[in-house]
Amino acid sequence: MSEDLKTFVEGLESLALECEARKGQACSLKELEDLRVEFLGRKGKLAANMATLAKLPNELKPEAGRTANEVKNRITELIDGWQADLVAAEAAEKLSRFDPSMPGRKPWAGSLHPVTLVMDEICDILTGLGFEHASGPEVENDWHNFEALNIPPEHPARDMQDTLYVSENIVLRTHTSPMQVRSMLGRKPPVAVIAPGKVYRRDSDLTHTPMFHQIEGLLVDKGVSMADLRGTLTAFVRQLFGTGTEVRFRPSFFPFTEPSAEVDISCVMCAGKGQNKDGSTCRVCKGTGWVEILGCGMVDPNVFKSVGYDPEEFTGFAFGLGIERVAMLKYGIGDLRMFFENDVRFLEQFA
Ligand code: PHE
């Protein structure tokens with residue numbers, strides 16, 4: 001073998017030996033990677049040796065090239081082997097720290113939405129008072145949503161600003177009151193139903209969302225009076241907001257009830273005082289001590305006529321209440337939009 005080739009091969013051999021001698025020095029995958037670069041990298045030790053190959057006479061180049069390849073493979077195998085050892089050792093170490101007797105970390109299972117919680121609670125109270133649960137379509141026709149409820153075609157409540165029309169005669173229900181009509185049609189009194197669900201209006205600002213939830217209540221029988229309405233609603237709000245809650249009826253107007261009233265309860269925030277403990281004005285009732293929670297009234301004779309009931313024989317009361325409004329009061333939530341943003345930090349508080 002020529003002197004030149006011998007020197008070249010010896011150089012490569014000693015490179016392989018040098019690498020072997022470094023066994024155990026790379027204690028992490030990062031250090032091992034540095035070692036790989038040091039020997040096999042583009043500017044590494046092997047590459048430096050290869051630079052001298054070019055200076056060999058042509059007839060020696062094949063032999064020299066073969067040796068260089070062998071050495072490169074040897075070094076690669078060495079480093080790959082150490083890498084496999086390191087990976088296995090790390091896995092074994094992790095396993096040794098694993099305590100199978102530790103209780104597992106449970107994933108967060110989620111929780112009911114505050115609107116659902118309040119809806120369920122309200123339904124529980126009212127079914128407890130004897131009302132039965134009913135549900136109906138959110139896409140409603142004009143007759144159920146308006147006409148049968150004594151809202152004639154020219155009535156301002158139908159204004160395009162409020163109602164979301166699907167077509168000329170089909171709307172997204174603007175309230176749960178069409179369920180009054182649906183509950184009475186096809187059956188005779190006594191009727192005592194509640195109907196919770198989504199309603200839609202063309203309205204969107206700080207205190208209005210295009211979709212929100214209502215619950216409708218309806219009681220029809222012989223001899224039902226306004227006193228029954230007041231008694232029922234008082235029992236209801238006292239279960240919902242606490243026994244000390246005061247109730248007040250304010251005269252109002254709805255086309256489908258006569259007489260009609262809006263119901264206020266003593267403010268849940270300041271207990272009806274109108275001001276906070278520090279003397280500042282209560283922001284929930286704006287100092288009045290009262291907050292409005294629902295609309296109600298005695299079923300209008302015209303509504304009875306549209307469902308085929310004799311208004312001389314039967315009387316009844318109806319009420320409708322906004323669920324989000326109740327949830328805001330119950331949980332002290334100041335911003336309606338919180339209900340619809342689905343921020344987990346908000347929702348998880350109700351778990
Ligand atoms: N439907 C009315 C509204 O959405 C509420 C209501 C229901 C009033 C039943 C009286 C009787 O505002």
Side-chain angles (χ1 to χ4, degrees), residues 115 119 122-123 126 129 131 134-138 140-152 155-159 161-164 171-184 191-203 207-221 224-226 228-234 236-237 247-265 291-304 306-307 309 311 314-326 328 336:
V115 167
M119 189 92 105
I122 291 174
C123 286
L126 291 170
L129 290 173
F131 288 87
S135 65
E138 289 168 27
E140 190 52 284
N141 58 30
D142 190 275
W143 189 79
H144 287 97
N145 195 84
F146 294 125
E147 195 110 6
L149 287 166
N150 197 30
I151 308 175
H155 196 280
R158 294 182 165 213
D159 197 301
Q161 278 171 14
D162 295 317
T163 307
L164 287 155
V171 301
L172 296 184
R173 66 177 177 192
T174 57
H175 50 183
T176 42
S177 299
M179 285 305 293
Q180 291 184 32
V181 179
R182 288 184 177 273
S183 307
M184 288 187 279
V191 171
V193 293
I194 49 166
K198 293 184 167 71
V199 300
Y200 302 84
R201 286 181 199 176
R202 254 179 72 152
D203 218 348
T207 51
H208 297 88
T209 47
M211 184 281 293
F212 60 102
H213 298 78
Q214 283 189 336
I215 185 163
E216 194 80 9
L218 173 72
L219 178 83
V220 183
D221 204 353
V224 176
S225 74
M226 194 105 181
D228 297 311
L229 172 61
R230 191 171 171 121
T232 303
L233 290 180
T234 304
F236 166 66
V237 297
V247 179
R248 135 179 131 171
F249 275 49
R250 258 184 305 109
S252 185
F253 173 80
F254 299 102
F256 33 92
T257 47
E258 183 58 36
S260 303
E262 272 168 326
V263 173
D264 297 340
I265 57 167
V291 286
E292 183 194 322
I293 73 153
L294 57 82
C296 65
M298 302 306 292
V299 179
D300 193 288
N302 282 340
V303 177
F304 282 147
S306 23
V307 298
Y309 284 9
F314 298 110
T315 51
F317 66 71
F319 58 91
L321 137 129
I323 305 292
E324 282 81 357
R325 173 113 185 106
V326 173
M328 286 172 86
L336 179 66

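Order of appearance sets the numbers: ligands from 1, and atoms from 1 within every ligand. None of these values were measured; they are calculated from a predicted model.
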(message) What I want to know is whether Thr257 and ligand 1 share at least one N or O pair that is separated by under 3.5 angstrom.
(response) no
(request) Flag the pair Phe314 / Val191 as yes when at least one side-chain heavy-atom distance between them is below 4.5 Å, and no otherwise. (result) no
(message) When you measure from the side chain of Tyr309 to the backbone of Met184, do you find a donor-acceptor pair of N or O atoms at a distance under 3.5 Å?
(response) yes
(request) Would you tell me which option among Phe254, Phe253, Phe317, Phe212 has the nearest heavy-atom contact to atom 12 (O) of ligand 1? (result) Phe254
(message) To check your reading of the model: name the closest protein heavy atom to atom 9 (C) of ligand 1, its residue, and the distance in Å.
(response) Glu216 OE2, 3.3 Å
(request) Give the residue and atom name of whichever protein heavy atom lies nearest to atom 1 (N) of ligand 1, and the separation in Å to one decimal. (result) Ser177 OG, 2.9 Å
(message) Is it the case that ligand 1 has an N or O less than 3.5 angstrom from some N or O of Thr174?
(response) no
(request) Please check if the side chain of Glu258 supplies one atom and the backbone of Gly297 the other of a donor-acceptor pair under 3.5 Å. (result) no
(request) Salt-bridge test for Glu292 and Arg325: reply yes if a basic N is under 4.0 Å from a carboxylate O, no otherwise. (result) no
(message) Tell me if the aromatic rings of Phe256 and His175 count as close, with their centers under 6.0 Å from one another.
(response) yes
(message) The test is salt bridge (charged side-chain N to carboxylate O under 4.0 Å, His left out); show your working for Glu216 and Arg182 and say whether it passes.
(response) CA-CA 12 Å; Glu216 194 80 9; Arg182 288 184 177 273; over 6 Å; no
(request) Mind checking whether Arg201 contacts ligand 1 via backbone (N, CA, C, O), side chain (CB onward), both or neither, at a 4.0 Å heavy-atom cut-off? (result) side chain
(request) Of the side chain and backbone of Cys296, name the one, both, or neither that has a heavy atom under 4.0 Å from an atom of ligand 1. (result) backbone
(message) So if I count the atoms of ligand 1 from 1 in the order they appear, which ones are less than 4.0 Å from some heavy atom of His175?
(response) 1 (N), 4 (O)
(message) At under 4.0 Å between heavy atoms, is it the side chain or the backbone of Phe319 that contacts ligand 1, or both, or neither?
(response) backbone
(request) Would you mind reporting whether Leu321 and Ile122 have side-chain heavy atoms less than 4.5 Å apart? (result) yes
(message) I need the nearest protein heavy-atom contact for atom 5 (C) of ligand 1: residue, atom name and distance, please.
(response) Gly320 CA, 4.1 Å
(request) Could you tell me whether the side chain of Asp264 and the main chain of Arg248 form a donor-acceptor pair under 3.5 Å? (result) no
(request) Would you mind listing which atoms of ligand 1 come within a distance below 4.0 Å of any non-hydrogen atom of Gln214? (result) 3 (C), 4 (O)
(request) Show which atoms of ligand 1 fall inside a sub-4.0 Å distance from at least one heavy-atom site of Gln180. (result) 9 (C)
(request) Just need the protein heavy atom nearest to atom 2 (C) of ligand 1, so name the residue and atom and give the distance. (result) Phe256 CZ, 3.8 Å
(request) Apply side-chain contact (heavy atoms from CB on, under 4.5 Å) to Phe146 and Thr174, showing your working. (result) CA-CA 9 Å; Phe146 294 125; Thr174 57; 4.1 Å; yes
